[in-house]
Amino acid sequence: MFDVEKIRRDFPILTEKVYGKPLVYFDNGATTQKPKCVLERIMRAYTTENGNIHRGVHYMSEIATERHEAAREIIARFIGASSSQEVIFTRGTTESINLVARTLPDVICQRGDEIVVSEMEHHSNIVPWQLAAERLGLKLKVIPITDGGDLRYDLLDEIITEKTKIVAITMVSNVLGTVNDVRQVIRQAKKVGAKVLVDGAQAIAHIHVDMRALGADFFAFSGHKVYAPNGIGVLWGRKEILEMMPPFMGGGEMIDRVTFEKTTYNKLPFKFEAGTPDYIGSLGLAEAINYLDRIGLDEIKNHENELMNYAVERICSMKGIRRIGSPEKCSGVLSFLVDKAHPYDVGAMLDKLGVAVRTGHHCAEPLMDRFGIPGTIRASFAIYNTKEEVEVFAKGLERIISIIG
């Protein structure tokens, strides 16, 4: 049985008060809170296992190395990777995407080739590809969306063509909550021989993923979106593609041998992990994944869907509320506007009532331009949120609407 009250007791921060009121935390799309088991794992690592990994022969280095590589194995199993060699530790989704955008086009693209993204992408899945296009003389194309916030799948064969070499697509929109049918996009990309990167930042804590079934070539996500520490992330990539890509950064660990005349590079995944990795963060990420496994992603999904449906019914029925996007499949994100009010002002007033939401363009300015708005108010839900919190949120909005008329 999914016991949300038991889960809430695992998150110490949820007992905090904001302006004297209980914290209602609905900014999970930006970052999630951390359970005690993750915090305790980090503390244990620093107090009993701390030694720089891979190169030391002393006990602390060896035990830290063992734990770090065990964490890689846990993550590989969680995402259905064929091998832990395909799991590269990064600082997060942004660095993972930049790694691919800075290296892959150099080996598979020629001037005039095309890269495809969608209209709902986060800036971190737009700007790195723009930089690649400028550097190599490539063209960036965009899959548009419907007024409801779904991809225009009917246009895929017009946009993804023989000139397309890379498709970069989000699995779940951080603004609309749209759950994209990425398999359909991947099938079209594979018809023309294009490589596909999936941005899984907003999906990883809510949807079961399996790299062997997905069919993509790369998958990126951040630890802090999945109840793990900040500053740790993952890039999964197909081994044969990673092997043909040049290193992203130079330094220690990513080398095989260095001379002033020539440097040869380490094997996977270390070729892409220059410098001292966040071996404490990797342990925290593995612990967070084990925590989710104990609860069960199916149970989590059911709880969050029920919560989302209740929030949509409760909030969107209010006079003066305009929901932005109404996708066919939505995961844990409700974006809306309040008539006559700037999103920032509504967010600030909700904060005084103890309710944390996100306001602004959410690093998706092209999407805001698509809807002709400056930004939205975004409530994003997680495993520890409750219907009672949605009710606090709703009553707060009713109060704000009455104040602004």
Main-chain N/O of [Y] paired with [X] side-chain donor or acceptor, under 3.5 Å:
X	Y	answer
Arg8	Tyr384	yes
Asp217	Arg238	no
Asn385	Ala382	yes
Thr93	Ser222	yes
Ser61	His58	no
Ser331	Gly177	no
Asp345	Ala341	no
Lys271	Leu242	yes
Lys163	Asp113	no
Thr32	Asn28	no

* Is Glu398 salt-bridged to Arg314, cutoff N-O under 4.0 Å? -> yes
* **Basic-acidic side-chain contact under 4.0 Å: Asp181, Arg183** => no
* To do: Would you give the length of the straight line joining atom CD1 of Ile79 to atom CD1 of Ile74, rounded to the nearest 0.5 angstrom?
  =>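 It comes to 13.0 Å.
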* Asked: How far does CD of Glu306 sit from CG of Asn302, to the nearest 0.5 angstrom?
  ->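 Between atom CD of Glu306 and atom CG of Asn302 there are 8.5 Å.
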* Could you list all the side-chain hydrogen bond (donor to acceptor under 3.5 Å, both in side chains) pairs where at least one residue sits in residues 194-213, not counting sequence neighbours? => His206-Glu304
On a heavy-atom basis, which atom in [X] and which in [Y] lie closest, and how many Å separate them?
X	Y	answer
Trp129	Val117	CD1-CG1, 4.0 Å
Leu367	Ser173	CD2-OG, 4.4 Å
Cys330	Val333	SG-O, 3.5 Å
Ser282	Ala71	O-CB, 3.5 Å
Phe219	Met211	CB-SD, 3.5 Å

* Asked: When you measure from the centre of the six-membered ring of Tyr19, is the NZ or CZ of Lys352 under 6.0 Å away and within 45° of the axis?
  ->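 The answer is yes; both the distance and angle limits are met.
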How about [X] and [Y]: do any of their side-chain heavy atoms sit closer than 4.5 Å?
X	Y	result
Val392	Val355	yes
Asp150	Ile145	no
Leu156	Val185	yes

* State yes or no: are the ring centers of His303 and Phe381 separated by less than 6.0 Å? =>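 Distance test on ring centres: not under 6.0 Å, no.
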* To do: Indicate, with yes or no, if the rings of Tyr291 and Tyr227 have centres closer together than 6.0 Å.
  => no
* **All salt bridge (Lys or Arg N to Asp or Glu O under 4.0 Å) counterparts of Asp27, not counting sequence neighbours** => Arg358, Arg378
* Report yes or no: do Glu389 and Tyr25 form a side-chain donor-acceptor pair below 3.5 Å? => no
* Do we see a donor-acceptor contact under 3.5 Å between the side chains of Glu121 and Ser118? -> yes
* Pairs in or reaching into residues 232-283: which pass ring-ring contact (aromatic ring centres under 6.0 Å, His included), with residues at least two apart or in two chains? ->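 Pairs touching residues 232-283 that pass the test: His54-Phe270.
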* Could you go through the side-chain contact (heavy atoms from CB on, under 4.5 Å) check for Thr376 and Phe336 one step at a time? => CA-CA 6 Å; Thr376 74; Phe336 63 95; over 6 Å; no
